[in-house]
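The structure appears below as structure tokens.
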Amino acid sequence: MDRFAIHGGHRLEGSIEVSGAKNAALPILAACLLSADKFELSNVPQLQDIRTMQRLLAGMGVKLVRDGHQMQVQADAVSSVEAPYELVKTMRASILVLGPLLARFGEAKVSLPGGCAIGQRPVDQHVKGLQAMGAEIRIEHGYLNARAKRLHGARIVTDMVTVTGTENLMMAAVLAKGTTLIENAAREPEVVDLAQMLVQMGAKIEGIGTDRLGIEGVEELKGARYKVMPDRIEAGTFLCALAACGGRIRLESAHPASMDASLEKLRDAGARIRCGEDWIEMEMASRPRPINLRTAPYPGFATDMQAQFMALNALADGTSVIHETIFENRFMHVQELNRLGADIQIEGHTAIVKGVAALSAANVMATDLRASAGLVIAALVARGTTTIERIYHLDRGYEAMERKLQNLGAQVERLK
């Protein structure tokens, strides 16, 4: 099992390129099930979660050819409509094949994903919406068994804002008969990216980027060439690392328009930031100021950036308060940060972070994807050499993180 050895205390300088967004690429790959035509995708990140989705689709009979960050996908000979437990248990985003399979083939058998390290993320909103569109869904032996001769339009009001729920229902609705209205829809940029590809495929969707999506079903969809958007969470993670370490970096192939909440907080922490349409330059020359934050659905502060900003606040000149409103177990990195010398107390869904002048190296363990990133940031400034175990979590969502950090002057080594 791989681990990182990070020798802290180095400023970051230089330029790196932001990879494609994992959370956009996964639903886009699932959407390729909606047509028998060929898809040519670019800027697809090389990540463990992407490889898992490839295995899932290949097991259904989908043809996939990958060349670096380019991928050709064609679902013209699908032989199975099952997403088995063996793959779903390793990646919850596998649930995204449910809507496309049901819409195009009239049936799907998808394993229930269950819970995960950061908390429960139930699929009841997916089921509720598909049932409103005419699907018959039974839960048997841990699987969702869904059938529908043809889905029909419906008005769906989700009980909560759910990203994968919105994506699944949107993909189901594009081939349904009639008009579907999704109220309380997620507005995340990755949802917008999926919607834009669906439109390129011939879907009719109104209200993209709002919480009210109107979708008029069509008889069939065609293939498309599409470039996956840049990963705003990866970009934000590297900017948090710079804010902690000090220095100056430039991010190429970035998407600052999708990062308003994070960029605003970084400016509050004392960073100087300049942005273009597809680049970000940031400089940090002082100890960060403490910043309070509260996670919320987009355009609020992303829960996927909470751990990284907590690591930054651990070094800030003062006390900050962080409220986590999305996932109930997303403070598991606190214990590991405290092992590095941070002073963080938990009260329910709130973390009180008292900034310290310096952190010291220790052996720590990653507990989930974004917790891993928070530990990397803390290790980059800690005195001595920190070892981070279980970085397979990190590999799920960050492409070649150690090489990118090395390009910025950090001393990071991957140990087998």
Exercise for the section: Kindly determine whether M229 and Q196 satisfy side-chain contact (heavy atoms from CB on, under 4.5 Å), including the steps that lead there. Expected result: CA-CA 11 Å; M229 69 173 287; Q196 290 173 340; over 6 Å; no
How about [atom1] on [X], more than 12 heavy atoms from neighbouring residues, nucleotides or ligands closer than 6.0 Å, or not?
X    : atom1 : answer
R267 : CZ    : yes
E252 : CD    : yes
Q46  : CD    : yes
K227 : NZ    : no
R403 : CZ    : no
Q411 : CD    : yes

Looking only at non-hydrogen atoms, find the nearest pair between [X] and [Y] and report the distance.
X    : Y    : result
A172 : L151 : CB-CD1, 3.8 Å
L312 : A269 : CD2-CB, 4.4 Å
P45  : R66  : O-NH2, 3.0 Å
G300 : A261 : O-CB, 3.8 Å
R92  : V123 : NH2-CG1, 4.4 Å
A361 : A382 : N-CB, 3.9 Å

Can you confirm whether [X] sits close enough to [Y] that some side-chain heavy atom of one is under 4.5 Å from a side-chain heavy atom of the other?
X    : Y    : answer
M401 : V376 : yes
H323 : L293 : no
N363 : T386 : no
F309 : K265 : yes
L87  : M91  : no
Q48  : Y392 : no
T350 : I322 : no
V110 : S94  : no

Problem - Trace of the ring pair (Phe, Tyr, Trp, His ring centres under 6.0 Å) decision for Y143 with Y85 - result: CA-CA 8 Å; Y143 278 81; Y85 171 73; 7.8 Å; no
Regarding [X] and [Y], do their side chains bring together a donor and an acceptor under 3.5 Å, going by distance alone?
X    : Y    : result
E183 : T158 : no
E17  : S253 : yes
Y398 : R370 : yes
E40  : Q70  : no
Q125 : D159 : yes
H333 : Q308 : no
Q131 : H126 : no
D193 : Y226 : yes
H393 : S372 : no

Within this structure, what is the [atom1]-[atom2] distance for the pair [X] and [Y], rounded to the nearest 0.5 Å?
X    : Y    : atom1 : atom2 : value
I291 : E264 : CD1   : CD    : 10.0 Å
L29  : L56  : CG    : CG    : 10.0 Å
M133 : L175 : CE    : CG    : 9.5 Å
T164 : L169 : OG1   : CG    : 9.5 Å
L198 : I28  : CG    : CD1   : 8.5 Å
I377 : F238 : CD1   : CZ    : 9.5 Å

Practice task
From the options I249, L266, I273, V18, select the one residue that forms a side-chain contact (heavy atoms from CB on, under 4.5 Å) with I280.
Solution key: I273
Handout entry: Among L194, N184, V161, L213, side-chain contact (heavy atoms from CB on, under 4.5 Å) partner for T166
Key = L213
Exercise for the section: For T179 and E216, run side chain to side chain donor-acceptor pair (under 3.5 Å): C-alpha distance rounded to whole Å, both residues' side-chain angles, the deciding distance at 0.1 Å, then the answer. Expected result: CA-CA 4 Å; T179 301; E216 182 182 345; 5.2 Å; no
Just by modelled atom types, is the [Y] backbone N or O under 3.5 Å from a matching donor or acceptor in the [X] side chain?
X    : Y    : answer
E283 : A271 : no
R212 : L181 : no
R287 : A316 : yes
N43  : V228 : yes
N292 : V321 : yes
N338 : I344 : yes
E167 : L96  : no
T325 : T295 : yes
R396 : I391 : no
N145 : K109 : no

Practice task
Evaluate the side-chain contact (heavy atoms from CB on, under 4.5 Å) criterion for residues M259 and L239: first the C-alpha distance (whole Å), next the side-chain angles of each, then the deciding distance (0.1 Å), finally the verdict.
Solution key: CA-CA 11 Å; M259 298 175 58; L239 294 179; 4.0 Å; yes
Check this for me, if you would: do [X] and [Y] make a salt bridge, where the nitrogen-to-carboxylate-oxygen distance has to be below 4.0 angstrom?
X    : Y    : answer
D211 : R187 : no
E13  : R11  : yes
K404 : E402 : no
R414 : D395 : yes
D37  : K222 : no

Problem - salt bridge (charged side-chain N to carboxylate O under 4.0 Å, His left out) between E399 and K22, worked out - result: CA-CA 10 Å; E399 180 179 342; K22 171 182 82 80; over 6 Å; no
Exercise for the section: Evaluate side-chain contact (heavy atoms from CB on, under 4.5 Å) for L102 paired with L130, printing each intermediate quantity in order. Expected result: CA-CA 9 Å; L102 193 56; L130 292 171; 4.2 Å; yes
